[in-house]
Amino acid sequence: MTPELLAPAGSPEALLAAIRCGADAVYLGGGAFNARAGAKNFSRTALPEAGRLCKLHNVKLYFTLNTLLTDRELQQAMALAEEAIEAGADAIIVQDLGLLRLLHIAYPALPLHASTQCSTQTAQGMALLKELGASRCIVPRELTREELAALAASAPLEPEAFVHGALCMSVSGQCLLSFALGGRSGNRGACAQPCRLPWAVDSGQRTVDSYSLSLKDLSLLEEVNRPPLNQMAALKIEGRQKRPEYVAAAVTAFRRALDGTMSPVSGEDLRRTFSRSGFTKGYYKAQRDKSMFGVRRKEDAAPPDTLRRMAALYAKDTPRVALEERLCANSAPTRIDNAPQRQLSTVNCQLSTVLRFLSPAQIPHALPEHAQIFLPCDTPPEVLSKHRAQVVIPAGVFGDYDKILARLRRAKQAGAALAMAQTLDGIALAHEAGLVPIAGEGMNLLNSASLEALQALGAAGAVLSAEITPAQVRDLRAQMAIGAMVYGRLALMLCRNCPVKAQIGCKACGAGKSLIDRKGAAFPLRCENGCAKVYNSRPLWLADVQGKLPTLSFRLFSFTIEGREECASVLRAYQNGEACKGEFTRGWLR
């Protein structure tokens, strides 16, 4: 069976281009709560017309509600979903786990697609999405051909893979760079793309002369008729903020490739319509190196003659079905307001002060009373036992599920009972290893419904999103232990293609390098299970404003680049309510 070709529709004209050039389905957003707030999108009055047009041409319409939500926004998001369903939406694309669960409870027959921002990399993580109501998972762009093949063989949900368009440097859903640097959240649809600006690897000279966080665009045109891509449920083209000529070119090229017919769009046409220094297959072929990096250059700009030829591709309408298909009775799913809900977990989790270290060498000799230590799960079992430590599961699991599971089982034998997870893959790993999961800040928990969703999956506690505000914390209704980071460098990106490794190699990195932005600030990088985490240039510091913090079950201290003495100094400063002696950020206390 040929995979569904899914195209972006960021505007009514782009929708026409997608439909007329042969897309099987389109994805589009409304006026709020979609991950491309910068696209033109569809108003309340334009949405029904978009639905009518799709039905006329036998094209499926997937509506995007794929941002994080606060408690006060959930009702509005549910209302917007209802409008989309009435307009003919065939599925809703969702990032927020709470909204996913609420939509499934209200509309059990409605197909729900888990956004790539859910950061779900394994079949076991997908199984948890299925428990929450998802029918499809849009998998990360960073997966290799072999990892996609494994998912094609074992995924409990329909797998959907990107085949063309922009690549983010960070795993989707694990990026806070735009939020931290300018307050524009990618998880809330307002990414300012600071990664496309000049960044350099700190090689001792501290000069910014490269674009170390900017990747070329993805294109897998030559691969779509071979396994595992031809075993995917859907192949997705990125680009809701792109012009309709781009949509026409990409859809035509991929439609003809899937159908095995001659295409009027060449690979050069695709490159000239939009690319960044051309295209890459680096993630797909597991060739994660410097060749994947690129920027938008003058020679990448689309010339007028190319745009005119691409525009001609969708100039004429060609309905796929007779006019009577749109006169059929409305088959929209019915809302159920009093559906039974799954029993929530009642696991008791006693946490007050959580100290998370990247290395046991950082642990001070004197610790706060009742402090609980968390260490990486690859820490030797005897060290875990010595410190009575719990474990942290890496955010980048990808093809290493079994290897990490073995580490977790050894940790359990060493006395660990809790495992902090940054993704649903980690939640699944914790359960399989016999450990109680604690959701980390990478789970992006911003509302009560999301906390209930994690509780339904057996989590006993959660670190709240770094994007939350004190007022939003006070809005939460939680039956589980909830905490927030009060000290530490926020993880801003999770990169499977390490920019340091790509630019200067691991040997030159040594104990860890930094990225330098155009203002000269240094952002440390540290390795984690084959991925690199980029940390903020300044730590979060709330020691002197602790009286302003909302009520929390526990507080998280996250130590990354600090030595043992600095860790001890930080803990003393918090005990005494001292002001920070260097640069710092107030983070979520805003």
Side-chain angles (χ1 to χ4, degrees), residues 1-9 15 18-19 23-30 33-35 42 47-48 50-55 57-67 69 77-118 120 123 125-139 151-152 155-162 231-237 240 325-326 328-337 339 341-342 424 449 453 456:
M1 183 176 177
T2 303
E4 176 183 271
L5 181 58
L6 176 57
L15 175 62
I19 289 174
D24 298 307
V26 296
Y27 61 104
L28 54 85
F33 312 133
N34 81 84
F42 290 77
L47 187 57
R52 185 201 69 81
L53 192 64
C54 287
K55 290 296 182 289
H57 291 81
N58 197 27
V59 171
K60 291 183 178 179
L61 189 161
Y62 302 151
F63 189 72
T64 59
L65 279 174
N66 55 343
T67 63
L69 300 163
M78 290 293 289
L80 191 53
E82 186 167 357
E83 291 179 13
I85 293 166
E86 290 176 354
D90 295 282
I92 307 289
I93 303 175
V94 182
Q95 175 190 8
D96 192 286
L97 297 182
L99 180 63
L100 175 64
R101 185 168 182 264
L102 291 176
L103 283 171
H104 182 59
I105 291 170
Y107 301 97
L110 174 67
L112 298 171
H113 296 177
S115 167
T116 188
Q117 289 170 285
C118 291
T120 308
M126 287 186 188
L128 297 184
L129 284 172
K130 186 175 182 179
E131 283 195 45
L132 296 179
S135 58
R136 178 181 292 188
C137 178
I138 305 163
V139 301
L151 287 181
L157 300 176
E158 295 180 346
E160 175 181 303
F162 281 93
Q231 298 168 337
M232 297 288 108
L235 303 178
K236 187 170 191 173
I237 297 169
R240 279 195 288 145
E325 292 288 58
R326 72 184 180 92
C328 291
N330 191 349
S331 59
T334 303
R335 177 166 182 160
I336 301 175
D337 290 320
Q341 298 188 29
R342 172 177 167 164
L424 287 176

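Note that these values count all heavy atoms, side chains included, but never hydrogens, waters or copies made by symmetry.
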- Nearest-0.5 Å distance, CD1 of residue Ile92 to OG of residue Ser115: 13.0 Å
- Item | Which residues share a ring-ring contact (aromatic ring centres under 6.0 Å, His included) with Tyr62, sequence neighbours left out | His113
- Between Met78 and Leu103, is a side chain to side chain contact (heavy atoms under 4.5 Å, CB included) present by the stated rule, with each step listed? CA-CA 7 Å; Met78 290 293 289; Leu103 283 171; 3.6 Å; yes
- Query: Are Ile19 and Cys54 close enough that some pair of their side-chain heavy atoms sits under 4.5 Å apart?
  - Reply: yes
- Query: Rounded to the nearest 0.5 Å, how far does CG of Leu47 lie from CG of Leu80?
  - Reply: 8.0 Å
- Task: Taking side chain to side chain donor-acceptor pair (under 3.5 Å) as the test, write out the residues that go with Asn66, two or more places apart.
- Result: none
- Query: Do you know which two heavy atoms are closest between Ala18 and Val26, and how far apart they sit?
  - Reply: CB-CG1, 3.7 Å
- Side chain proximity check, Arg240 to Thr64, heavy atoms < 4.5 angstrom: yes
- Query: Under a 4.5 Å cut-off applied to non-hydrogen side-chain atoms, are Leu128 and Thr120 in contact?
  - Reply: no
- Query: Does any non-hydrogen side-chain atom of Leu97 lie less than 4.5 Å from one of Leu424?
  - Reply: yes
- Note on the structure: Of all heavy-atom pairs linking Tyr27 and Ile237, the shortest is OH-O, 2.6 Å
- Would you give the length of the straight line joining atom CG of Asp24 to atom CG of Leu6, rounded to the nearest 0.5 angstrom? 9.0 Å
- Interatomic distance, Leu151 atom CG to Cys137 atom SG [nearest 0.5 angstrom]: 8.0 Å
- Message: If you compare all heavy atoms of Gly29 against all heavy atoms of Phe63, which two are closest, and at what distance to 0.1 Å?
- Response: C-CE1, 3.8 Å
- Query: Between Lys55 and Asp90, is any pair of side-chain heavy atoms under 4.5 Å apart?
  - Reply: yes
- Task: Kindly give the heavy-atom pair with the smallest separation between Leu65 and Ala81, and that separation in Å.
- Result: CD1-CB, 3.6 Å
- Message: Treating Lys236 as the side-chain partner and Ile138 as the backbone partner, does any N or O pair qualify as donor plus acceptor under 3.5 Å?
- Response: no
- Query: CZ/Arg136 to CE/Met126 distance, rounded to the nearest 0.5 angstrom?
  - Reply: 11.5 Å
- Task: Output the distance between atom OG1 (Thr116) and atom CZ (Phe162), rounded to the nearest 0.5 Å.
- Result: 5.5 Å
- Looking only at non-hydrogen atoms, find the nearest pair between Pro3 and Met232 and report the distance. CB-O, 3.3 Å
- Determine the sole option in Ile105, Val94, Leu102, Leu100 for which the side chain to side chain contact (heavy atoms under 4.5 Å, CB included) test with Leu132 is passed. Leu100
- Message: Looking at every non-hydrogen atom in both residues, tell me the closest pair between Ala23 and Val59 and how far apart they are.
- Response: O-CG2, 3.4 Å
- Query: Partners of Ala77 by side chain to side chain contact (heavy atoms under 4.5 Å, CB included), sequence neighbours excluded?
  - Reply: Phe33, Leu69, Leu99
